[in-house]
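This report refers to the structure that appears directly beneath it.
Each chain gets a letter, A, B and so on, in the order its sequence line appears, and its residues count up from 1. All values below come from the heavy atoms of this structure, side chains included, with hydrogens, waters and symmetry mates left out.
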2 protein chains.
Amino acid sequence: MTDDQLNLIFKALSDSTRRRIIEYLSKQSAQSLFELCAASVASDGVALSRQTVSQHLAVLEKAGLIETTWKGRTKAHSLSVTDGHIEAASWLMEFRKDGPKT
Amino acid sequence: MTDDQLNLIFKALSDSTRRRIIEYLSKQSAQSLFELCAASVASDGVALSRQTVSQHLAVLEKAGLIETTWKGRTKAHSLSVTDGHIEAASWLMEFRKDGPKT
DNA sequence: TTGACATGCAGTAAACTTACAGCATATTAG
DNA sequence: CTAATATGCTGTAAGTTTACTGCATGTCAA
């Protein structure tokens, strides 16, 4: 796990909007950009432009947290939380007050 | 755990310099600003100004990851990774590919 | 009390982030 | 083919971040 990967993963997780997008995708996989905009309004009452959601998706994709596949003219976004991500997110464990896994 | 706390914690962890500071403090507790500047040069050969390190420490403190105590004219910085932080860092676990804790 | 030391505060410049609008491109329905 | 739809690309504006310099404040030693 490189420093850059850790940077990307933690940065991706450091925004509430992006964490909400992860939650939407965990509830229903393979959602399009429009569906995610709709999910934001429906679940949290927050209206976001397509461009805004698109940028957040790009950040999540750069961190490898989502995968995309094209179905005709729609791009389906799905969660892809791997063991590598879990390992990265566990980085802090080692510095726990009374040592790791106490 | 509020959204703001998660933001602060993940943001604090999303910078390699700050993660290095955490590592320095894990190797030796209660270090001053100058000692941390020296540790950066000694351990990684990276020279950082005091002000730069001070700002990073402020971000870490805002996330509750370090505690400080004054000893005369020096401010001692120590790691303070609580169960709350571990819980926050574990936020992603729930979205693991095959469900949590598989 | 004075000088050296440790830190804090203000200000700056470049880069990045986050939100948006507008236009372009590509695909599907009719 | 044409219109509607879904996304991508470019640009913009405000705010934040990251690095720094310089000056001010507070504390300890001589």
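Each of A/T74 and A/K11 was matched to the nucleotide of DNA chain D holding its nearest heavy atom; the match closer to the 5' end belongs to A/T74. Remark on DNA chain C: of its neighbouring residues B/Q55 and B/H77, the 5'-side contact belongs to B/H77, judged by nearest-heavy-atom nucleotide. The residue among A/K75 and B/T17 whose nearest nucleotide of DNA chain D lies closer to the 5′ end is A/K75. Between A/D15 and B/F34, the residue whose closest nucleotide on DNA chain C is further toward the 5' end is B/F34.
Here the P atom of nucleotide D/dG8 and the CG atom of A/L36 are 12 Å apart, to the nearest Å. Note: CG (A/L48) to C1' (C/dA21) measures 15 Å, nearest angstrom. Rounded to an integer number of Å, the gap from A/K62 NZ to C/dT18 C1' is 14 Å. Rounded to an integer number of Å, the gap from A/R73 CZ to D/dA6 C1' is 7 Å. Atom CZ in B/R50 sits roughly 14 Å away from atom C1' in D/dG26 (whole-Å rounding). For A/F10 and C/dC16, the CZ to P distance is 21 Å, given to the nearest whole Å. Between A/Q31 atom CD and D/dT7 atom C1' the separation is 16 Å, expressed in whole Å. Atom CG of B/L57 and atom C1' of C/dA6 are 13 Å apart (whole Å).
Residues A/S80 and A/T82 meet the side-chain proximity criterion, which asks for heavy atoms closer than 4.5 Å. Counting heavy atoms from C-beta outward, A/L92 and B/L13 have side chains that approach closer than 4.5 Å.
Between the side chains of B/S78 and B/S29, at least one donor N or O lies within less than 3.5 Å of an accepting N or O. B/T74 and B/S32 share no side-chain donor-acceptor pair at under 3.5 Å.
Between A/A39 and A/Q31 the shortest heavy-atom distance is CB-OE1, 4.3 Å.
A/K71 comes within contact range of no nucleotide atom at all, as no heavy-atom separation falls under 4.0 Å.
Of the listed nucleotides (C/dC20, C/dT7, C/dC5), C/dT7 has the atom at the smallest distance from the side chain of B/W70. If you check C/dT7, C/dC5, D/dA19 against the side chain of B/S32, the one that comes closest is C/dT7.
Checking the phosphate oxygens (OP1, OP2) of C/dA19, no side-chain nitrogen or oxygen of A/T52 falls inside 4.0 Å. Phosphate proximity of C/dT17 to A/H56: absent, as no side-chain N or O sits under 4.0 Å from OP1 or OP2. Close to C/dT7, at under 4.0 Å from its OP1 or OP2, lies no side-chain N or O of B/S54.
Not a single donor-acceptor contact under 3.5 angstrom links the side-chain atoms of A/Q51 to the base of D/dG11.
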